[in-house]
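Data first, discussion second: the structure below is written as structure tokens.
Keep in mind that what you see is a predicted model, and the values were worked out from it rather than measured. When a ligand or atom number is given, it counts from 1 through the structure's own listing order.
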Amino acid sequence: MWYNERHMSKNVKLEDIVSLSKRRGFIFPGSDVYGGLSGTWDYGPLGVQLKRNVMQLWWKMFVDERDDMYGVDAAILMNKKVWEASGHVATFTDPLVECSNCHARHRADKLEDANKCPTCGQTGTFGEPRAFNMMFKTNVGPVADENSISYLRPETAQGVFTNYKNVVDTFYPDLPFGIAQQGKGFRNEISPRDFIFRDREFEMMEIEYFVHPDMWQEAFDHWVEQSKKWFEALGLPADMVHELEVPEDDRAHYSKRTIDFEFDFPIGREELMGLAYRTDFDLKNIQDHSGKNMEYQVKGTNDKFIPHVIEPSFGVERALMAVLTAAYTEDEVNGEKRVFLKLPEHLAPVKYSVSPLLKNKPELVEKAREVYAALKKKYGAVMWDDNGNIGKRYRRQDEIGTPHVVVIDFQTLEDGTVTVRDRDTTEQQRVTLEAI
Ligand code: ATP
């Protein structure tokens with residue numbers, strides 16, 4: 001059963017997160033005015049900031065702060081040979097069943113009861129599952145024929161593998177080294193569901209870490225540790241994250257070892273990210289299909305081999321959903337229920353909000369504008385918020401996870417101090433303007 005003692009409310013419900021996300025301008029259903037498009041979501045002003053903070057933190061930790069990592073940004077549309085060589089055209093499939101009664105289609109391996117249609121409730125109406133390829137197919141250029149077929153990438157990894165040689169030939173990195181990429185991935189999921197958990201368009205952050213074949217285990221352990229550091233930086237309580245050693249039968253075709261990191265989402269314990277040992281599968285395939293040599297030569301030696309790969313694969317939406325789940329908190333303030341997002345400060349979309357105590361006092365407004373401008377210059381993510389009374393402003397900022405609310409009052413005009421209210425404790429402190 002799902003339980004986390006950090007929360008004053010014991011059970012975070014998915015509806016609460018979905019409703020707060022919409023109400024406060026984080027995440028909206030995609031194409032909402034036209035009734036939506038299943039499996040797509042749009043990020044509002046706060047959502048895009050939160051998402052960027054997550055992605056930038058990842059880039060900082062895994063690219064900027066390391067000296068063995070190279071970033072790339074490959075095109076989403078790639079030559080179809082990429083997906084033929086990688087095995088995606090043949091095997092990137094989920095098992096699909098169709099109900100003979102209501103014709104609803106479902107993913108066979110995700111059904112609660114393999115015999116019962118969740119749409120109409122009939123049993124025994126499914127035939128044999130068939131393999132449904134999840135790649136979105138399109139044509140590149142004005143002629144729609146076999147030769148112009150391409151796919152929206154279902155993972156960013158292939159954009160890295162196809163650039164492996166470019167990076168080696170331009171940077172001569174020593175092994176082990178990694179290539180990192182962030183960007184959109186597209187999968188025509190049979191049943192997108194559970195808010196942003198399973199989407200048809202989503203954002204990925206992937207690393208392909210190239211190692212000597214004898215070193216894969218060491219590198220794998222390294223990435224287990226690094227992944228845990230990442231969860232910590234996201235503010236996810238360690239007891240809500242779980243390691244699942246994926247048995248051979250359930251592993252992707254290319255993987256010799258996989259650990260799924262699972263998280264206690266409101267929908268239950270589900271995959272947050274995956275860590276896979278992909279051997280030399282991808283580079284070898286590229287070598288075979290392209291005829292280009294993918295071997296790595298150790299400097300100053302004749303030692304040549306195709307490097308093996310450890311791949312930590314992070315999904316941004318699942319990270320966001322985990323962050324929101326961990327942060328969503330309810331407590332009571334002065335006998336009233338309060339909802340707040342206990343986001344780590346480095347992730348909060350707004351760091352400070354600023355307002356005059358009373359908005360009909362021009363001298364307070366003027367001073368508050370001055371403070372706002374100075375803070376905005378320094379921190380960027382600063383919001384002007386003078387709507388409603390001060391209590392309402394606190395509640396609103398709590399709900400969007402703003403760690404500090406600065407209020408300018410008459411004393412500010414006299415001694416240059418302001419009140420700063422802390423989101424988590426709700427305590428107010430008088431501090432000098434210089435202090436913030
Ligand atoms: P699942 O078993 O849940 O379908 P998967 O094993 O197919 O996921 P991977 O191929 O390992 O997922 O993808 C790597 C990561 O990308 C996942 O851990 C997840 O964070 C993210 N991801 C994959 N599919 C989706 C999706 N449809 N929507 C949102 N994120 C996704």
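- Ring centroid separation for the pair Tyr379 and Tyr352 comes in under the 6.0 Å cut-off.
- Ionic pairing of Arg338 and Asp331 is present here: one or more N-O contacts between side-chain nitrogen and carboxylate oxygen are shorter than 4.0 angstrom.
- Annotation: ligand 1 has protein neighbours Arg107, Arg187, Glu189, Phe197, Arg198, Asp199, Phe202, Met204, Glu271, Leu272, Met273, Gly274, Ser313, Gly315, Arg318, each with a heavy atom less than 4.0 angstrom from the ligand.
- Applying the side chain to side chain donor-acceptor pair (under 3.5 Å) rule to Lys60 yields the partners Glu65; only residues at least two apart in sequence or on another chain are considered.
- Val48 is linked by a side chain to side chain contact (heavy atoms under 4.5 Å, CB included) to Tyr43, Arg52, counting only residues two or more places apart in sequence or in another chain.
- In this structure, the salt bridge (Lys or Arg N to Asp or Glu O under 4.0 Å) partners of Lys22, at least two apart in sequence or on a different chain, are Asp32.
- A salt bridge links Arg278 and Asp282; the closest N-O separation between the charged side-chain nitrogens and carboxylate oxygens is under 4.0 Å.
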